[in-house]
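Reading through the structure tokens given below for one structure.
All figures in this text were calculated on a predicted structure; none of them were measured in a lab.
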Amino acid sequence: MKAAGSALRVRNYRLYFFGQSISVGGSFMQTLALSFLVLQTTGSGTDLGIIAAARLLPFVLLGPVGGVIADRYNKRRLLYVTQSASAAGALIFALLAALGDVSFPVLLVLSLVLGCLTVLDNPARQSLIGDLVPRKALANAVILNSISLNVARVLGSVIGGALVALVGVPLCFVINALSFVAVIVNLVRMKTTDMIEPVRAPRAPGQVREGLRYAARTPELLFPLLMLTITGILAYEFPTTLPLLATGAFQGNAATYGAMAAVMAGGAIVGGLVAASRNSPRNSASLALTAVGWGVAILVTGLAPTLPIALVALAFVGYGSITFNSTAKTTLQLAARPEMRGRIMALWALAWGGSTVIGGPLVGWVAQEFGSRWSLIIGGGPTILLGLILLPYLRNRDRKTSPIPEES
């Protein structure tokens, strides 16, 4: 298990890790609060999906541009701006919720504004990891980052669910605003002399197209991105599907959703610890195998007759989600050239999270028209099929290709 925490021996990465963990916990509290604020305001599953999509629409349209900016400029300075502005946005949500002056169009506009910040924040935050640790510790750093995200999901979901049920949604937004302070303080405390000198892309025309062509021509990048896009649209829509399942199929409330999200995140933590304690797989076939298991768990959750059975299945959903995502993200980080890393991580975020622009409204509409269980069934079934169809081809390709070379 010593290898599981090798990246944490690097001081700058420790600062990044703990700052991000606190901030992400606050973000999950805000996501939960916003979901129930939408349901309280409109009562519509479709509207809930639209809000989730709106937050990511700017990234879908401009994400590759954000990747270019992250490759060109100082990532820490970009994060100072995006984290401070995100804190201000959370405070505005809190004020509106406290005053009761909320309408769906206002929530939609604010979600779009926060989505614009994501265009710069996500690629800068993800690619900064490569500047903080040596290459031999990069895979471990990526997996630990995924673990911290899921620990934060547990705490954010449990605390947020309790606060929404007992106090109301405004306090969740306030706590999220305060959580960004941890990131900014730890960014300031980092020693620039200990950071790996980044290879910055020079200013030149056509850099967005260059990044897209590079990903399309590199199989180690293309296959993970394609798989992430498909599963991102249909399967990874839990901020939309779980609140609907909790309040629909199981007749619960915010605390029910918090418990479901926490159990799912607990399974993800176990999966992350297992992945962090061994060498990460670097082939596409492992993604296909994980997709099959993950899809089965999602399908069982959607068909579960009782909440306890759904909670057990959700633990395996969490395990599968972090295994799938961390394997794909590690492969992309290691396969990408340093000067392309920002653009590739922008494509990762576009494939995995940006697909919510399509998937969020889709699963919300399915839940509204056919029942909340179907919002998970339409994700689990295709994910299983995707893995089964691609597995033979990817296995054959992996036998013919060499491992990703180490940088000198």
Side-chain angles (χ1 to χ4, degrees), residues 35 45-46 48-50 52-53 56 222-250 252 257 260-261 263-265 267-268 271 284-328 348 350-395:
S35 295
T46 302
L48 180 58
I50 290 172
L56 293 165
L222 178 61
F223 286 118
L225 288 171
L226 288 175
M227 297 180 75
L228 285 165
T229 301
I230 295 171
T231 56
I233 291 173
L234 297 174
Y236 201 74
E237 299 298 339
F238 301 115
T240 299
T241 58
L242 291 189
L244 294 172
L245 190 68
T247 57
F250 299 120
Y257 168 65
M260 294 171 73
V263 169
M264 177 178 154
S284 299
S286 65
L287 284 179
L289 284 170
T290 303
V292 173
W294 186 35
V296 169
I298 294 172
L299 200 59
V300 170
T301 302
L303 296 172
T306 65
L307 180 60
I309 294 175
L311 291 175
V312 172
L314 278 169
F316 290 95
V317 173
Y319 188 101
S321 69
I322 194 173
T323 303
F324 182 85
N325 187 30
S326 64
T327 298
W348 163 78
L350 183 60
W352 187 240
S355 51
T356 292
V357 171
I358 299 173
L362 174 63
V363 300
W365 175 82
V366 168
Q368 184 169 292
E369 295 297 321
F370 303 102
S372 58
R373 295 183 183 277
W374 279 97
S375 65
L376 288 167
I377 293 171
I378 65 165
T383 300
I384 296 170
L385 290 176
L386 173 68
L388 292 175
I389 291 171
L390 292 180
L391 183 58
Y393 171 76
L394 294 176
R395 271 182 170 166

Please output the side-chain donor-acceptor pairs of residues 240-247 that fall under 3.5 Å, not counting sequence neighbours, one pair per line with the distance.
from, atom 1, to, atom 2, distance (Å)
T241, OG1, E237, O, 3.2
T247, OG1, P243, O, 2.8

Looking only at non-hydrogen atoms, find the nearest pair between I384 and V292 and report the distance. CG1-O, 3.8 Å
Taking every heavy atom of I322 against every heavy atom of A268, the minimum-distance pair comes out as CG2-O, 3.1 Å
For residues 369-377, dump all side-chain donor-acceptor pairs below 3.5 Å to protein atoms at least two apart in sequence or in another chain.
from, atom 1, to, atom 2, distance (Å)
S372, OG, A249, N, 3.2
R373, NH1, G302, O, 3.2
R373, NH1, A304, O, 2.4
R373, NH2, A304, O, 3.1
S375, OG, S372, O, 2.6

Distance, nearest 0.5 Å, that separates CG of L390 from CG of L289: 11.0 Å
Minimum heavy-atom separation for P392 to L388, with atom names? CD-O, 3.3 Å
Which donor-acceptor pairs under 3.5 Å do the side chains of residues 308-316 make with protein atoms, sequence neighbours left out?
none

For V317 and F238 the tightest heavy-atom approach is CG1-CZ, 3.5 Å
Any pair with a residue in residues 287-310 that passes ring-ring contact (aromatic ring centres under 6.0 Å, His included), sequence neighbours left out, goes on the list, sorted by first then second residue, please. W294-F324, W294-W352
Please list, chain by chain and in numerical order, all residues satisfying side-chain contact (heavy atoms from CB on, under 4.5 Å) with I233, sequence neighbours excluded. T229, S355, I358
Side-chain heavy-atom pair L48, Q368 within 4.5 angstrom cut-off: no
Distance in Å, I378 CD1 paired with T383 OG1, rounded so as to fall on 0.5 Å steps: 10.0 Å
OG1 (T301) and CE (M264) are apart, to the nearest 0.5 Å, by 9.0 Å
So which atom in L307 and which in F250 form the shortest heavy-atom distance, rounded to 0.1 Å? N-CE2, 3.4 Å
Interatomic spacing from CG in L226 to CG in L222 - rounded to 0.5 Å: 4.5 Å
